[in-house]
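Heads up: the structure comes next, in structure tokens.
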Amino acid sequence: MNSKPYLIESLIGLGATMIIAAALGLYMLNEPARITQAQTDVLNLQLDEAMTLYAENCAVCHGLNGEGISSVPALSAPALKTMPFEELQKTIARGRYQTAMPAWSMQDGGALSAYQIDELVLLVQYGDWNKTGDRVINLGLAPLVPFITDPDPALLAEIAKLPDGATLQTAVRIFAGTCVACHGADGVGTSIAPALNDLDTREKLPEDLTRTITYGNTGTLMAGWGNTLQPEEISALVTMIKRWEEIPAGTIPAPNIPIPTTQESIALGSQLFAANCSRCHGPEGQGTPRAPSLNVKSFFVDKSDQTIQQIITNGVPGTAMPTWGDRMSEVQIQAIVGFIRQWEATAPEVATITRGGGGPPWKRNNTNTNTSLFGLLPSTNTTTYTATGQTGIQQALDWRTLVLAGIILTIAFTLISSGFSALKKQKK
Ligand code: HEC
Ligand code: HEC
Ligand code: HEC
């Protein structure tokens, strides 16, 4: 009588132990995969943050895709991938003495923490430069390459007639060759550097302007030019800044560089156009009685992306064309310009304007092929940083653990149920 409950109890106990063992086994089998997955997730997060840091701090000199600009070296170079981690860390943290490469670590007056610098090293060694380029564009921080513009010859000749005209001419040439990419055409400023032609800057003391240009402002993109420019050249730049109201607009023109686009920026532009512009310019930009056609060959002739951006930003005073600059960010306006520019290839010679609602349906079908095509194209953003073979290992794990768990659980339940049925029998 006494040995039977004992047998039942031990059957149930054995079953329970096996369930625990199975759970433990499952957990241990999955553990390495879980750790690898966690590490991959952290790396992806760091690379993601690094792409934004790169866009905000480095792209202006090292280029959209880390390809380097003029004398600034590429960061996508294979040699940097094998360079010791610490050496890259040191270069970014402390800068390179007597070059335009500034020090970025907070200890050296820079703007970045040690953790952020490590993230940038990871980007240089493991990052995806195409994805990084997309990030730079989507943040509206695509550098203006080439870095320089040519002063308008007629206006430059005008300047010679001003008092001390030769000095101003020198400054205009230097500005167009050195400063324009950051401080903008005619010194109007860009998303990365302030205007220099405004009253605020003009009213600064010459000593302060000289100091900023010579030594730079630590922790910002404004590098010191003391090593590159002669004191007379810096003094000419200061003179020009103080007297900028005398320099005719258009003397230092915007370079004619297409605004780069990504699938995201085109999609954003398309959405913003539909929401804000189509009611006047028509759904496909073909024009309505209220506003002219933008989707027509003549519109694109002679209009650089910068010009179109300027028209949208400032509106057309005295017409129904509103000023969008105070309602939309530069990124948004650039996205619209990129979207509009897509029409150029297929724009008709003569506009057929629509009356209100989007035109006849058969017309609506064959327009906008660009955007629908974009939806169909494989996304370039599918690259992930999953360690190679990871998914394969995980599939194998899943397959094996499932079989193992199945076997163990079957045995355990058989034991438990036979235990219970024995218990039932015994009660009878
Ligand atoms: C104002 C322009 C400028 C900016 C902004 C800038 N760099 Fe540089 N960088 C340079 C120049 C110029 C060099 C080359 C220095 C030299 O001649 O050794 C350089 C060199 C480097 C190098 C060494 C490359 C090599 O081949 O040895 C690294 C790495 C680097 N920069 C990373 C960065 C990172 C990361 C950022 C953003 C946080 C950044 N740089 C921002 C101008 C810049
Ligand atoms: C790589 C981008 C970049 C380049 C190139 C550049 N600057 Fe700057 N500059 C900046 C930034 C960013 C600031 C704002 C710094 C700050 O926030 O303190 C600035 C600030 C200034 C200021 C101070 C403005 C003020 O209101 O106090 C002056 C003056 C100036 N830059 C002149 C120049 C001149 C002249 C050149 C060409 C020789 C030049 N910069 C080239 C990015 C740049
Ligand atoms: C309330 C109606 C209205 C809206 C909304 C509107 N526009 Fe316009 N737009 C006009 C009119 C009218 C003109 C023609 C101005 C003129 O006579 O030069 C114009 C002109 C333009 C031009 C210059 C065309 C040329 O041939 O030089 C561009 C570019 C443009 N608009 C873009 C846009 C964009 C982009 C949006 C949306 C963000 C927009 N517009 C929204 C009414 C509008």
Side-chain angles (χ1 to χ4, degrees), residues 55-56 59-60 64 135-145 149 152 175-176 179-203 220-221 241 244-245 247-262 264-283 285 287-288 290-295 299-300 302-344:
E56 289 170 345
V60 60
L64 189 60
R135 176 68 55 87
V136 177
I137 295 170
N138 290 342
L139 291 172
L141 294 168
L144 299 170
V145 275
T149 184
D152 183 284
F175 187 90
C179 325
V180 68
C182 292
H183 288 288
D186 287 329
V188 297
T190 65
S191 51
I192 53 173
L196 296 183
N197 70 345
D198 60 341
L199 204 62
D200 269 5
T201 316
R202 270 190 265 143
E203 281 177 350
T220 75
L221 285 178
I241 293 172
W244 211 310
E245 80 276 13
I247 313 272
T251 304
I252 305 166
N256 182 5
I257 302 157
I259 289 170
T261 55
T262 64
E264 289 89 341
S265 74
I266 299 276
L268 175 67
S270 155
Q271 187 196 326
L272 289 167
F273 189 89
N276 299 289
C277 325
S278 61
R279 71 194 146 94
C280 287
H281 289 284
T288 71
R290 258 162 295 153
S293 173
L294 307 176
N295 192 349
F299 169 71
F300 291 104
D302 280 347
K303 276 198 196 69
S304 71
D305 284 0
Q306 277 77 17
T307 308
I308 301 177
Q309 184 180 344
Q310 220 157 31
I311 297 173
I312 300 172
T313 307
N314 303 327
V316 184
T319 76
M321 173 64 185
T323 304
W324 295 96
D326 43 18
R327 279 176 248 187
M328 286 188 195
S329 68
E330 197 175 337
V331 179
Q332 291 175 317
I333 294 177
Q334 288 190 350
I336 297 178
V337 176
F339 172 68
I340 291 177
R341 179 61 73 184
Q342 280 194 116
W343 291 329
E344 185 170 10

Taken to the nearest 0.5 Å, the spacing of I340 CD1 from I266 CD1 works out to 11.0 Å
Output for pair (I312 CD1, W324 CH2), nearest 0.5 Å, gives 9.5 Å
Interatomic distance, CD1@I252 vs OG1@T149, rounded to 0.5 Å, equals 8.5 Å
- Report yes or no: does S293 contribute a side-chain atom to a donor-acceptor pair with the main-chain N or O of G285 at less than 3.5 Å? yes
Applying side-chain contact (heavy atoms from CB on, under 4.5 Å) to Q310 and not counting sequence neighbours gives N314
Name the orientation class of the two ring planes belonging to F339 and F273 (parallel below 30°, tilted from 30 to 60°, perpendicular beyond 60°). tilted
Query raised in the report: So, do L141 and V60 sit near enough that their side-chain heavy atoms are less than 4.5 Å apart?
Result: no
Separation between CD1 (I311) and CE (M321), nearest 0.5 Å, reads 7.5 Å
Those residues at least two apart in sequence (or on a different chain) that pass ring-ring contact (aromatic ring centres under 6.0 Å, His included) with W244 are F175
On a heavy-atom basis, the closest approach of G250 and D152 is O-CB, 3.6 Å
Sorted by chain and number, sequence neighbours left out, side-chain contact (heavy atoms from CB on, under 4.5 Å) with P194 holds for H183
Hits for side-chain hydrogen bond (donor to acceptor under 3.5 Å, both in side chains) against T201, two or more places apart or cross-chain, chain-then-number order -> D198
Shortest non-hydrogen pair, Q332 vs M328, comes out as OE1-CA, 3.3 Å
Scanning both residues in full, the closest heavy-atom pair of L294 with F299 reads O-CD2, 3.1 Å
Exercise answer: donor-acceptor pairs, residues 275-282 side-chain atoms, under 3.5 Å, sequence neighbours excluded:
{"from": "N276", "atom 1": "ND2", "to": "L272", "atom 2": "O", "distance (Å)": "2.9"}
{"from": "S278", "atom 1": "OG", "to": "A274", "atom 2": "O", "distance (Å)": "2.8"}
{"from": "H281", "atom 1": "ND1", "to": "P292", "atom 2": "O", "distance (Å)": "2.9"}

The complete set of salt bridge (charged side-chain N to carboxylate O under 4.0 Å, His left out) pairs with one or both residues in residues 304-333, sequence neighbours excluded, reads D305-R341
Those residues at least two apart in sequence (or on a different chain) that pass side-chain contact (heavy atoms from CB on, under 4.5 Å) with V188 are D186, N197
Heavy-atom nearest pair, T323 first then T313, reads CG2-O, 3.1 Å
Sorted by chain and residue number, the salt bridge (charged side-chain N to carboxylate O under 4.0 Å, His left out) partners of E245 (sequence neighbours excluded) come out as R202
On a heavy-atom basis, the closest approach of L196 and I241 is O-CG2, 3.6 Å
The side-chain contact (heavy atoms from CB on, under 4.5 Å) partners of Q271 (sequence neighbours excluded) come to L268
Closest non-hydrogen atoms of A335 and S265, given as atom of the first, atom of the second and distance, are CB-O, 3.4 Å
